[in-house]
Amino acid sequence: MNSKNAFVYLVMPVFAGDKKEEQKRVDSINSWKVNFNKKVNDILGRNFRIDITTPRINDPHMICGTIHTEYKNITKKGRVIRHELQRIGSLKKYSDIDNSYFVLMDGSGKINFDSIYSVLKGLEEKQVIFGCRPISHAISDFRLKLELFENFLVEEKYKVKLPDAQCGCWGFNLGILKDMPLTAESYDIELDVIINALEKGMNIGFIQAMINDDGDVKKTNFKFGSNFEKLDFLCYKLELTKDILNLYYRNFLKKTGYNLPARYTKYFNRLFFSPIRYRKFDCVGSCAKKECKEAVKKTF
């Protein structure tokens, strides 16, 4: 196999909302990646060219030909990942795309960075690999129930069992990039990837993600409004009606016994079903294009 032009693209967002904490995370990644090239080549048995990025919240990104440092009214994870994939997809310097890999690793340090090697080994046999967290680790108890419900919606739609669908450690073979019409803007990016993979019948595998037990592993800055954004996204992406959503919730109650917060379930009756919210625009907020202005006006 000729791997002269094979790449491993590794994206490790260090979003913290605090410049000192983000720099601390970048320093930790820089220390860890010293031997990354050698380990990857040893584990996979051939040479790869390595491309590692560590996006921060206020890093400038090129959108519609203009540099922007702020994205209005949305969190940034999904859009930054999509931006990176667009950058990778536009590169002409590699020809061995079917033997190149994209890996996303949460740069917070909650998940041990060495889990990346397990993802890469898995991608030697599967098109898509997702990490699995131990059920009681790496997520707050409050988010756990909502996340189980979000995953359950995907399971019910596709009649599958998912060990985990929202771990911040995953990857895929770049050869499937053209079949990944990702539209997620925020923390729904993992769900977007796995839904696309299931919809296209791709070969999906799971690996055990290693969790760093630092005593603060369940702390989260996840805002409650982001739960509504995920639910909106899932209802659109899975083409769920309100009746089907309520049916799935009843099934979820029977299976798990978990009652979700009233504030959350009341939102079932106020869902905003509109394709305009999830169109794959190249920009947000300040673009001069008429269609973008209209979308932002209607969405936000």
**Student:** Measure from the side-chain N and O atoms of E84 to the backbone N and O of V11, and report whether any donor-acceptor pair falls under 3.5 Å.
**Tutor:**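 Not confirmed, E84 side chain does not pair with V11 backbone.
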
**Student:** So do I116 and M12 actually touch side chain to side chain, heavy atoms under 4.5 Å?
**Tutor:**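 They are in side-chain contact.
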
**Student:** Any chance the side chains of Y158 and E199 put a donor and an acceptor closer than 3.5 Å?
**Tutor:** yes

**Student:** How close do E190 and A165 get, heavy atom to heavy atom, and via which atoms?
**Tutor:** CB-O, 3.5 Å

**Student:** Kindly say whether F15 contributes a backbone atom to a donor-acceptor pair with the side chain of R25 at under 3.5 angstrom?
**Tutor:** yes

**Student:** Dump the intermediate steps for salt bridge (Lys or Arg N to Asp or Glu O under 4.0 Å) on R143 and E150, then the final yes or no.
**Tutor:** CA-CA 10 Å; R143 262 301 298 166; E150 292 160 355; 2.9 Å; yes

**Student:** Would you call D106 and K110 a salt bridge, taking side-chain N to carboxylate O under 4.0 Å as the test?
**Tutor:**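 K110 and D106: not salt-bridged.
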
**Student:** For the OH atom on Y258, are there more than 12 heavy atoms of other groups (residues, nucleotides or ligands in this structure) within a distance under 6.0 Å?
**Tutor:**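 12 or below, so no.
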
**Student:** For the residue pair Q23 / R56, report whether a side-chain donor-acceptor contact shorter than 3.5 Å exists.
**Tutor:** yes

**Student:** Answer yes when K237 and D232 have at least one side-chain N-carboxylate O distance shorter than 4.0 Å, and no when they do not.
**Tutor:**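 Salt bridge: no.
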
**Student:** Ring centres of F252 and F149 under 6.0 Å apart?
**Tutor:**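 Under 6.0 Å, so yes.
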
**Student:** Sub-3.5 Å donor-acceptor pair from the side chain of R82 to the main-chain atoms of A184, do we have one?
**Tutor:** yes

**Student:** Give me the one residue out of F7, Y9, Y101 that meets ring-ring contact (aromatic ring centres under 6.0 Å, His included) with F48.
**Tutor:** Y101

**Student:** What are the two closest heavy atoms between N41 and N47, and how far apart are they?
**Tutor:** OD1-CA, 3.3 Å

**Student:** Does D192 use its side chain to pair, donor to acceptor, with the backbone of D188 at less than 3.5 Å?
**Tutor:**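 Not at all, since once roles are kept as given, no pair shorter than 3.5 Å links the two residues.
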
**Student:** For I176, is there any backbone N or O sitting under 3.5 Å from a side-chain donor or acceptor partner on Q127?
**Tutor:**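 Checked: no pair found.
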
**Student:** Which heavy atom of G78 sits nearest to which heavy atom of I189, and what is that distance?
**Tutor:** CA-CB, 3.9 Å

**Student:** Are side-chain N/O atoms of N227 and Y267 paired as donor and acceptor at under 3.5 Å?
**Tutor:** no

**Student:** Examine distances only and state if a side-chain atom of N112 and a backbone atom of M210 form a donor-acceptor pair shorter than 3.5 Å.
**Tutor:** no

**Student:** Is the side chain of S115 donor-acceptor paired with the backbone N or O of A209 at a distance under 3.5 Å, no angle test?
**Tutor:** no

**Student:** Could you tell me whether a side-chain N or O of N259 sits under 3.5 Å from a main-chain N or O of L253, the two making a donor and an acceptor?
**Tutor:**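 Checking the backbone N and O of L253 against the side chain of N259, no donor-acceptor pair under 3.5 Å is found.
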
**Student:** Please check this pair: side chain of N196 against backbone of M180, looking for a donor-acceptor N/O pair closer than 3.5 Å.
**Tutor:** no

**Student:** Can you check whether F268 and Y249 have ring centres sitting under 6.0 Å from each other?
**Tutor:**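 Yes, they do, as the ring centres are separated by less than 6.0 Å.
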
**Student:** Would you say the ring centers of F36 and Y117 fall short of 6.0 Å from each other?
**Tutor:**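 Distance test on ring centres: under 6.0 Å, yes.
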
**Student:** Does a salt bridge link E156 with K255, judged by any charged N lying under 4.0 Å from a carboxylate O?
**Tutor:**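 K255 and E156: not salt-bridged.
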
**Student:** side-chain hydrogen bond (donor to acceptor under 3.5 Å, both in side chains) for Y248 and E155? Distances and angles first, verdict last.
**Tutor:** CA-CA 10 Å; Y248 284 179; E155 291 176 334; over 6 Å; no

**Student:** Compare every heavy atom of I204 with every heavy atom of A197, then report the nearest pair and how far apart it is.
**Tutor:**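 Smallest interatomic distance, heavy atoms only, reads CB-CD1, 3.7 Å.
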
**Student:** If you measure only the distance, is there a donor-acceptor pair under 3.5 Å linking the side chains of N151 and E147?
**Tutor:** no

